[in-house]
4 protein chains.
Amino acid sequence: MAERRLRLGMVGGGRGAFIGAVHRIASRIDDRWELVAGALSSDPERARASGADLGIAPDRAYSDFREMARAEAGREDGIDAVSIVTPNHMHADPAIAFLEAGIHVICDKPLAAAPEQAQRIADAVKASRARFVLTHNYTGYPLMRQAREMIAAGDLGELRLVQAEYAQDWLTESVEATGNKQAAWRTDPTQAGAGALGDIGTHAFNLLSFVSGLRPEALLADLQSFGAGRLVDDNAHVLLRFQGGARGMLWASQVAPGNENGLRLRIYGTKAGIEWGQENPNVMTFAPLGEPKRILTRGGAGLGGGSSQSTRVPPGHPEGYLEAFATIYTDAADLILGTNDGALLPNIDSGLEGMWFINACQRSSQAGGEWVGR
Amino acid sequence: MAERRLRLGMVGGGRGAFIGAVHRIASRIDDRWELVAGALSSDPERARASGADLGIAPDRAYSDFREMARAEAGREDGIDAVSIVTPNHMHADPAIAFLEAGIHVICDKPLAAAPEQAQRIADAVKASRARFVLTHNYTGYPLMRQAREMIAAGDLGELRLVQAEYAQDWLTESVEATGNKQAAWRTDPTQAGAGALGDIGTHAFNLLSFVSGLRPEALLADLQSFGAGRLVDDNAHVLLRFQGGARGMLWASQVAPGNENGLRLRIYGTKAGIEWGQENPNVMTFAPLGEPKRILTRGGAGLGGGSSQSTRVPPGHPEGYLEAFATIYTDAADLILGTNDGALLPNIDSGLEGMWFINACQRSSQAGGEWVGR
Amino acid sequence: MAERRLRLGMVGGGRGAFIGAVHRIASRIDDRWELVAGALSSDPERARASGADLGIAPDRAYSDFREMARAEAGREDGIDAVSIVTPNHMHADPAIAFLEAGIHVICDKPLAAAPEQAQRIADAVKASRARFVLTHNYTGYPLMRQAREMIAAGDLGELRLVQAEYAQDWLTESVEATGNKQAAWRTDPTQAGAGALGDIGTHAFNLLSFVSGLRPEALLADLQSFGAGRLVDDNAHVLLRFQGGARGMLWASQVAPGNENGLRLRIYGTKAGIEWGQENPNVMTFAPLGEPKRILTRGGAGLGGGSSQSTRVPPGHPEGYLEAFATIYTDAADLILGTNDGALLPNIDSGLEGMWFINACQRSSQAGGEWVGR
Amino acid sequence: MAERRLRLGMVGGGRGAFIGAVHRIASRIDDRWELVAGALSSDPERARASGADLGIAPDRAYSDFREMARAEAGREDGIDAVSIVTPNHMHADPAIAFLEAGIHVICDKPLAAAPEQAQRIADAVKASRARFVLTHNYTGYPLMRQAREMIAAGDLGELRLVQAEYAQDWLTESVEATGNKQAAWRTDPTQAGAGALGDIGTHAFNLLSFVSGLRPEALLADLQSFGAGRLVDDNAHVLLRFQGGARGMLWASQVAPGNENGLRLRIYGTKAGIEWGQENPNVMTFAPLGEPKRILTRGGAGLGGGSSQSTRVPPGHPEGYLEAFATIYTDAADLILGTNDGALLPNIDSGLEGMWFINACQRSSQAGGEWVGR
């Protein structure tokens, strides 16, 4: 831990934003980063004020991300990486600017609001020597890494079934019409590109892919916009057919009263099943066929591997959302420093796969609910 | 409770059977029935022995259900009703024989192994003055009746979503090939007519219909037979489109390790959501939008109505599967005696609806997973 | 199962009673008993009416239990056993009358309202050839029998700790003052002999003794009567010192809002711990030191023994309070028929031990909370 | 949040320590502190190396806390506060040194290893203008603050019962004998002063006091040392009598297999009860008498107040142990800056009360389990 802290910049995340603050906390928890620059807002006044809030020196509180990329690339003490925490349609331009400047990019998900934007990012990643990390933060949960290891090791046997769901209730009513800022951009087709599908469905899809290693060969989606006047989907029912024969269901909803942030994953194979839910993330059940079910705990008795790595406190001392997010930041630091091969980090491929998922669901649903292959 | 006990006969359910014993316990719990006759086996020796086990007089231990129907119809102390607990393909003939003899029929689910059999039963019901009850026993759970009442009263607002699932693991391996008798007939297309879909999927479908009042206008199914050499589905993924615009997912599986009898129902409307699972059936959560979630308990504080009726012991004293099943029997007795209008009892229409569900799923899946309307 | 049904009589349990109905259902579930006689009330009119409700012939609907004992003992088809379901202070006289008549006795708990009554019963048991069973029904739960077996087999190592509790909330307010009949006698020192201690504390104490095999060498109790005007304890805090060095806590309360029937048992040894709660009785956790915790289910995967015996339906099909109670009745039938040695059945010794517990707690508390030895 | 970060020093917490790292993460989460100085070890070499690990300048990596207090007090950019994270017997001397130097002290719990040490700290606090905060971190959980508010507002009515417990299993075997460094000092009477009682019992006691506002007038304890050769208690059974008539039980154990960090609090009053467990800290149940139980979630629907303050992410995004700890640090920063009155922060009085608790339990148990008043 004697390495220097990496220098971080941020695009977006000014006053009133939500996910920007989450990224900043996540970057601090393991003390591997310090925030030194930002284009927190495109309004100069607001950019300066937000920067001051966060202890950013006035000359590094930019209002133009292109200027920031240029300036930081030119400084001896320039940022090592930038976090992009803008709405989805505003990921591509800054990501490309920093990648072209040779600065590593940590980008919020989904990759973009439209496939064309995503492709441009992918091209820039390919052309750059800089790294690109996508914050599918739920992969940072120790027990999800444990599950991935167990599946890779064959503990579940041959996989047959995946049941993934991500249910929320905050858009049950059309709060975007009554001034909820987070709701406003997330239900705007231009800014978000999709509704529940992009905001949370991609998380569920990414997590199931990460844990199971399965890759769909086709899917079928039935999307709804239940909220009055809503222009994006707020509920998605998806059937999945995976390469190799496994099958899956994925449910993403923002109109299911009583669900706060109900990301849940269940995977079943010929030999065992696992079940995990994000709201109490320190436990996972593991059911070997013909034996009593086990309750696995983060770093708990009888476990090593993923469940114990990237944790900070002993079992029974719950870690949560922020710690899982922090693990992404810590792994990103190690990736940049070359002490981690990034095998567990969501990257541009994860982003493109998520864009395929969104797009395939939209095409399937628009066709009335037909199977869409790759 | 001063009424006489009704006299019950049984077809099927001899030594070695499973569900017959369940029906008998259910019939005894509330002391409304006494078992006095049976065609417990078509083998005369076995029929007599099984009858003796159960205290049935030798002259009423028949080996031929048609003879039984005739004889019992002719006795002054003949049976009031018969329970049919044979494999699915053996429901129609005895049901029709007793209906024609004017004897009430309590029939296990699903209605039949094939649509044609189901239709013959339906015709017989129509032609008979006798009652027909189908033992979709999960509707006997007090909290499911409570949920039905709440939805009918508008407590959930306009319904949008139903998530129903019924997961088991006992067919993860192809135990039908190794002498498991229950598995053998349940995986035989002729005797069962369907696999997970008929055995448990119809329960889930019936329960969601009973509770929500929703009726599908179309469905789409992806059926699998994961078990080696298995001839029926052991996993069903179903999407539902309900009349009025609500949407649903239904998952039925017998190959999900760690699931014993995981029937679970979640329903969401514009105003609230409910969640219930059969394995701990004495609790249900009710989440009114914008308020803390409530834990409703069978007969518990602040509840009346369905949650308190048809219960036998106070809240906190768990009732289970057998009590819910007993409620079907008790309601059937009241229906026969004319003291209950049968509004809560699954009947021939429930049975036909279940057959539609099975058949539509099979057609959808055989077509590669297409939408099938009514 | 070809044996004849045993003939059962009942003392108490007429119209308006609670536990009598529970005993009757329990006796029916496994079809081993039929109720044929009763002294359901000391009021002749009421006795006859209650008998008629239950299908008891008029000449066997007694109003005097002594007459019933005499008459039934003299009949060729007289009852095999009698269930005594009167308030605690009314256990001794009928129990003795039937024991003296050579009729087996199944008695509700606690044994009596006062030590002197208990001793008289014990003397009568000793003098009689008839059997005496005390319905500490919670010992009938399969997983409690499983736990007992596991502890006896050394699966927990040397026992160190027992945490037992039984919490309810129905006496939070002094409902005995407002016409609640169940509350009235249970809070009357003469009829009940103790409050929470006798009504539920003895259940917790009996269960911990049954499962652990531990026997206290001393205890200390702090009893309270929180309810306004209440004459018996409604909350009991008890410390236990067991022979051999283990220690325990026992909490019994009827004034803990939110607790319906919260009987819970946790036992820890040098090698493992177990935890179980009555409100969801089909699961128990087993935590071997240094390994993941297991979820054991009634009759579930990887278990045999107690968890699978005396069950009626497969795992995942919840059994509850009535089934556990039924197991007591079934075991009692087997005991009477000589096909069961009664090792698992609570008997007169359990009853005397419970009386010691009540009395020792009362003496301890009256002394200001001092240790009381045996 | 535009204020400068406060400057933090640390005594203890060098390489190989546990709780020091927790304090450091907690101090970083809300970005209110920066660690700039330390006496991380009394060994100069180790102090320097540990300091380097943490980015502390060499001239501020002291090996003598007295020198550190002196030097930092004299610097213009000297530390605002010091965190003391040494074993219990090493709290007093550094705390006094910094208090005398006018530097605020954040001290780990319990206050000290012996009453005399505690008193010396208390005297120094009284004599100093500096603040003293004791890290009873569990009071930082939002739902515990919510519970405190609800009780203060009378939502539970008059309090009657408290059931507090803190169970772990990591000392089931005598791991202190086999090189476990954390176990070694925590089971050394000189360094720790008490076993489970001091390490975790004081947490449970502090939390119940914080939430309920109750103050014991007497207690009785039965302490055990189950571990072979163990010199301190590893299990504590405590009965509590509170001023005003409420009663409580407290169980602290480090020998209960299957318990990782099972701090649990249940409080019951005349009108309602609450239940909470630390291992899933984002939910708490609230049971108003006669109404369905509510599941309250951190920042969740229908709640404001404590449950929503000092949280960083929306409901459903679990916060955990580190965030609750961070809240103590953030409140301490506000206390020092004068923007918070410290009403929610554990302080010297909490520390002295905890020492009374430990000492009274030890005296009670040594006397064979007698009541000990204040």
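Order of the sequence lines fixes the chain letters, A, B, ..., with proteins taken first and strands second; residue numbering starts at 1 for each chain. What you are looking at is a predicted structure, and each value in this text was computed from that prediction instead of being measured.
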Is it true that, when you exclude C:Glu158 itself, more than 12 heavy atoms of the residues, nucleotides or ligands shown sit nearer than 6.0 Å to its CD? no

Inter-residue atom distance C:Leu159.CG - D:Phe226.CZ, 0.5 Å rounding: 10.0 Å

Heavy-atom contact with chain D under 4.5 Å, split by part of C:Gln163: side chain

Options C:Gly269, C:Ala256, C:Gly157, ranked by heavy-atom pairs under 4.5 Å with chain D, top entry: C:Ala256

With a 4.5 Å heavy-atom cut-off, do D:His237 and C:Leu161 have their side chains touching? yes

If you check every heavy atom in residues 361-374 of chain D against those of chain C, which residues fall under 4.5 Å? D:Gly368, D:Gly369, D:Trp371

At under 4.5 Å between heavy atoms, what parts of residues 272-281 of chain D are in contact with chain C? List them by residue number. D:Ala272, D:Gly273, D:Glu275

In terms of heavy-atom proximity below 4.5 Å to chain D, should C:Ser253 be classed as side chain, backbone, both, or neither? side chain

What residue, out of D:Ala246, D:Gly248, D:Pro257, has the most heavy-atom pairs lying under 4.5 Å from chain C? D:Pro257

If every non-hydrogen atom of D:Asp222 is compared with every non-hydrogen atom of C:Arg247, which pair is closest and at what distance? OD2-NE, 3.0 Å

Contact list (residues 206-220 of chain D to chain C, heavy-atom gap under 4.5 Å, by number) returns D:Leu220

Smallest heavy-atom separation, D:Tyr268 atom then C:Val255 atom, equals CB-O, 4.3 Å

Positions in residues 165-173 of chain D that reach chain C, provided some heavy atom is under 4.5 Å away: D:Glu165, D:Asp169, D:Thr172, D:Glu173

Shorter than 4.5 Å, heavy atoms on both sides: which option in C:Asn259, C:Leu156, C:Thr270 has the most such pairs with chain D? C:Asn259

Considering only heavy atoms, which portion of C:Leu250 lies under 4.5 Å from any heavy atom of chain D: side chain, backbone, both, or neither? backbone

Quick one, D:Asn235 and C:Arg160 - any side-chain contact, counting heavy atoms below 4.5 Å? no

